[in-house]
Amino acid sequence: MEISTKYDPKDIEGKWYDYWLEHKFFASKKDESKEPFTIVIPPPNVTGVLHMGHILNNTIQDILIRKARMEGKNACWVPGTDHASIATEAKVVRMLREKGIKKSDIGREKFLEYAWEWKEKYGGIILKQLQKLGASCDWDRTAFTMDEKRSEAVIDMFIHLYEKGDVYRGLRIVNWDPEAKTVLSKEEVIYKDLNSKLYFVKYKVVETGELLTIATTRPETILGDTAICINPKDERYTHLHGKTAIVPIANREVPIILDEYVDMEFGTGCLKVTPAHDENDYNLGKKHNLEVIDILNDDGTLNEKAGFFVGEDRFVVRKKIAKQLEELGHIEKIEDYKNQVGTSERTGAVIEPKLSEQWFLAMKKLCEPALKNVMNDAIQFHPPSFKNMYKSWVENIQDWNISRQLWWGHRIPAYYLPSGEFVVAKSFEEAYAKALTINPSLKKEELKQDEDVLDTWASSWLWPISLFDKDELDYYYPTSVLVTGFDIIFFWVMRMIIAGYELKNEKPFEHVYFTGMVRDKLRRKMSKSLGNSPDVFKLMDKYGTDGMRYGIMASSAAGNDIIFDTEVPKSQKQEDVDAFALTEPDSKLCETGRNFSNKIWNAFRLIKSWEVDENLPYQSETAVQWFRAKMNKTLAEVEKQYTQFRLSEAISNVRALIWDEFCSNYLEMIKPDYDQEAKKSLPIDKETLATTLAFFDELMRLLHPFMPFITEEVWQNLTPRKAKESICIASYPKAEAFDNQIISEAESIFEIVQNINNIRNEKQLKKSLELDLFFNAKDTDLYTQKFASTIQKLGKVGKISPVQASTLEPSKTISFVVKDAEFFIPLELEIDVEEEKAKILKEIEYQKGFLNSVEKKLSNERFVNNAPPQVIEVERKKKADAEANIKVLEESLGSL
RNA sequence: GGGAUCUUAGCUCAGCUGGUUCAGAGCAUCUCGUUUACACCGAGAGGGUCGGGGGUUCGAAUCCCUCAGGUCCCACCA
């Protein structure tokens, strides 16, 4: 069978994924005899597409779940999508607008039809994309935050919290998104630095006729002013206490009130108070019993209450009003001013604070177990430093505004009577029955359900609970680990913890693994708008999915940001971004991953090419013993790294084991010689081949969680497999006790080989030139028996024999020292003896310096008294080694 | 303003409980090599005062203080 020298992942990946699906290897059923290992996917937006953040996140989940599955646990990874209320609704609105349809014209029902249609069309694309990534989810469990089961859970939770008294309606200043025409929670508001203007507006004081200057960035809101506020301690304005002022344009008389809230240092020390459009002003208004004039419509235009500029957008009005104020002589000056302006996370629109009646959830009490159980590590954060961030969030939590003025979402199960009273119930029928107890003559059509829907996170927070049927829940819950970005600690992680303790009195997950943000070379977060996110499918095509998985994992310590070394646009100018979009993404990390795949592929080719000679004796005992020990040592290290979620270290370790130890060392050690005449390799003995195949098998199983496709392909072809077998359900390798002695012996052998190679390089010797090696050491067998063939093969050495230095011609011999043994290589060329002497002297000097420092340590009484015995033991050994080394070097010097 | 976190080789980063000569890996650079699995390869080399200063300790990249710089989160912003 001819096997290509290049590994081509293209057909292989799809083939095996289909195979896995066909045999339902990823399906999980409740089974009390098996330990569950559960992960719930952070549900991506239903209409989203796969980007680098998802790749990182889901690769980690896949690694953890695949390993657990191989370990014989009942691995259950539940996939699904989020309805993403505001984001999806915004997309549907835009789509309809392009068709010339306005949301308000078609009404709720028709709009939802369009939305569901949209969801059916584009929803779940991302799940297909996850399959390309190799995600081993139990696809039969695929859930959606707005499907029947999840909806029921959301409504039940609302009713539960309402009946407990935690959910209430309240009139508050809220963050209003005039584009989406909905309220947002304060976490959905992103503050951006903007260059704006600070307008100094003059107000006339009624009693004195003087002009009082007030600084504002939002002059249009003067139409809603209902007071002027000064600090009672401000001596500049003492004479104005109890006076009134006239709001320009509106010509409204408003009181001048006193409050220490006002910062005397800022602006002029006078504050205009607009209770309907600023939270602080609202609080002042409440305190001082001020009138509240709401001048804005839902879409950000001014309403009749403003009295002027009715129907015009707030930003248009800002300019117009500034101009008019100027013409009226009411502007003292306008300064450039940098301030932060709240914008909507989803629509980008500038947020308007607005007085509005909304549903809230009281959070303080609910948070108590959520804080406690993170701080005491009942739920473990990785890395733990995120506990601090979490703590500050939870401690400063405010009531959660859970209502949204949208249609795409879970409609609030509150029903209003014409009287304004309301009932909360699971269905209209129940609500009607309840309503009748308030008003026995109520007609059905008089009972109206609340128009609002719930915040998206009000369904996501139930995700780990709502994914499982009642009879499964106690088995799968709490889940094992949550893998997510730290940017949604507050939105999601905290709320899931709260819901978990509220509903189940149990944590939702044992561990939380926080990934960093994927950034470009300029350390900018990858985003669509910057155009700096590489096309993940191009990456998969170019490097293979395994290669890309390797690339992203190799550099992703938990919580650390990943600098994804992709080409980026030179600037944010549109033409640069466009030009970038046309170039192919590139990444060194993925390239390493692809190269690694190829290395494995070629090791596989090599082993497959060997022919067995049944009569040959077992030839590779030493190599086998060494590699077995080395592998077990690495297995133990990797296992530890898994438990600490140090996956990038684990994958590097596995790579080094396979590439450096197995391919570069072990295979070279056992590789049969080449028969020059027959132009092919000599045969191998059957025992060595069988063991090597077993090693390779084990290595593939070790690597499988990281690189599932190539490992399956190789594993399937290594030895004949039965139908329905797969590496993804094969056993995960377990570390066994290993012999440290042989590892350190082999290390000195490799050091000898390295010295020989070094000499070859320095003396520019041809690789084909066979060298002879003489040595002077106590343990002769180590070099002439046990590791003789290793030295011969790896160092391209002929004879190896013990010898006295003095018997060799110094001017034609090069020497080196490894541990306490001296080695000599006679060469056919003159050696610069002085140069050799200098080299040895330098080495002696170094060793003596080292010895000196060790002796100093050992003669220090405080060290000997305080250091642990094993540390002292190590120092003693170091001393002995150095002394032996120096002795050998000095002998060597003497012989020159 | 409050808090977190980082600063180690040209670049990206490991370095875990202070303890081996602990100063490391990958990439990049340079030299050499096409022979027999792999040039997506192999053999080598160079490269760091661990941000600066101080302290604790027998011992510090690691702990503490301080200064400088970066990043992130929160709060305020008329």
Side-chain angles (χ1 to χ4, degrees), chain A residues 3 5-7 191 198-199 214-218 221 229 262-263 266-274 278 280-281 337-340 383 385-386 388-389 391-393 396 486-487 489-490 517 521 523 543 547 554-555 557 559-563 565 588-589 591-592 594-610 640-641 644 646 648-649 652 655-656 663-664 667-668 671-676 679-681 753-754 757-758 760-762 764-768 846-847 849-850 853-854 856-857 860-868 870-872 874-875 877-878 881-882:
Chain A
I3 315 176
T5 63
K6 294 273 184 289
Y7 172 64
Y191 286 89
L198 191 58
Y199 300 84
I214 286 156
T216 179
T217 52
R218 296 194 299 161
T221 63
C229 189
V262 176
D263 179 357
F266 188 90
T268 59
C270 291
L271 174 71
K272 64 190 241 359
V273 184
T274 321
D278 185 281
N280 295 311
D281 289 13
Y337 184 67
K338 266 200 167 100
N339 68 342
Q340 287 190 306
S385 55
F386 283 111
N388 295 315
M389 193 164 143
K391 189 175 175 222
S392 75
W393 272 109
N396 296 309
F486 68 82
D487 52 333
I489 283 189
F490 182 81
M517 300 288 106
K521 264 184 202 163
R523 291 182 184 272
Y543 302 111
S555 67
N560 278 13
D561 285 352
I562 291 181
I563 308 299
D565 191 16
K588 283 290 172 222
L589 295 160
E591 202 175 308
T592 306
R594 181 200 58 184
N595 295 353
F596 182 37
S597 299
N598 205 50
K599 189 72 189 178
I600 292 165
W601 186 247
N602 277 289
F604 168 66
R605 283 179 60 227
L606 174 67
I607 294 170
K608 290 307 273 186
S609 73
W610 287 338
K640 194 179 165 204
Q641 283 153 352
Q644 297 172 326
R646 295 167 170 271
S648 63
E649 285 174 47
S652 303
R655 187 205 69 94
C663 294
S664 298
L667 289 180
E668 293 300 330
K671 193 157 91 177
D673 285 331
Y674 191 74
D675 183 338
Q676 292 293 353
K679 295 262 185 240
K680 64 176 213 177
S681 286
V753 170
Q754 193 178 338
N757 285 332
N758 202 347
R760 274 184 200 282
N761 264 307
E762 266 179 25
Q764 308 256 317
L765 303 176
K766 279 221 174 271
K767 180 115 196 272
S768 54
Y846 177 79
Q847 290 292 341
F850 173 53
S853 78
V854 175
K856 217 165 114 190
K857 235 185 227 182
N860 184 333
E861 246 174 69
R862 282 183 294 186
F863 172 74
V864 179
N865 293 338
N866 293 323
Q870 63 269 32
V871 172
I872 295 170
V874 165
E875 292 299 317
K877 188 164 184 314
K878 268 155 66 178
D881 285 352

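It should be emphasised that the depicted structure is a prediction, and the values quoted were computed from it without experimental measurement. Labels below follow one simple rule: chain letters A, B, ... track the order of the sequence lines, proteins then strands, and each chain is numbered from 1.
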Remember a base hit wins even if backbone is also touched, and classify [X] as base, sugar-phosphate or nothing at under 4.0 Å, heavy atoms.
X      : answer
A:C229 : nothing
A:Y337 : sugar-phosphate
A:Q641 : nothing
A:K272 : nothing
A:S392 : nothing
A:D673 : nothing
A:W393 : sugar-phosphate
A:I489 : nothing
A:S609 : nothing
A:V262 : base
A:S652 : nothing

Out of [options], which nucleotide sits closest to the side chain of [X]?
X      : options             : value
A:F863 : B:G15, B:C58, B:C40 : B:C58
A:R655 : B:G26, B:C32, B:C16 : B:G26
A:M389 : B:C38, B:A43, B:C73 : B:C73
A:K671 : B:A37, B:A4, B:C77  : B:A37
A:R646 : B:U5, B:A14, B:A37  : B:A14

Which whole number of Å gives the distance between the P atom of B:C6 and that of B:C64?
->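 Taking atom P in both B:C6 and B:C64, they lie 11 Å apart.
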Report the distance from atom [atom1] of [X] to atom [atom2] of [N], rounded to the nearest whole Å.
X      : N     : atom1 : atom2 : result
A:N757 : B:G42 : CG    : P     : 13 Å
A:Y674 : B:A37 : OH    : P     : 8 Å
A:E668 : B:C41 : CD    : C1'   : 11 Å
A:F266 : B:G1  : CZ    : P     : 17 Å
A:R594 : B:A39 : CZ    : C1'   : 11 Å
A:I607 : B:A37 : CD1   : P     : 12 Å

Under 4.0 Å between a side-chain N or O of A:N396 and OP1 or OP2 of B:C74?
->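 No, no such contact exists.
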Is the phosphate of B:G26, meaning OP1 or OP2, less than 4.0 Å from a side-chain N or O of A:K588?
->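 Answer no for this pair, as no side-chain N or O of A:K588 is under 4.0 Å from OP1 or OP2.
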Complementary nucleotide for B:A43 - Watson-Crick or wobble, under 3.5 Å =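 Base-paired to B:U31.
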Under 3.5 Å, is there any donor-acceptor pair linking the side chain of [X] to the base of [N]?
X      : N     : result
A:Q340 : B:C77 : yes
A:E762 : B:A43 : no
A:R605 : B:C38 : no
A:K6   : B:C40 : no

If you pin A:W610 and A:T217 to their nearest nucleotides in RNA chain B, which one's is more 5'?
->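 The residue mapped nearer the 5' terminus is A:W610.
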No-hydrogen, no-angle side-chain donor-acceptor test under 3.5 Å, A:N865 and A:R862 =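 There is no such pair between these side chains.
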Are any side-chain N or O atoms of A:N602 and backbone N or O atoms of A:N598, one a donor and one an acceptor, separated by less than 3.5 Å?
->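 Yes, the answer is positive, given that a donor and an acceptor are paired below the 3.5 Å cut-off.
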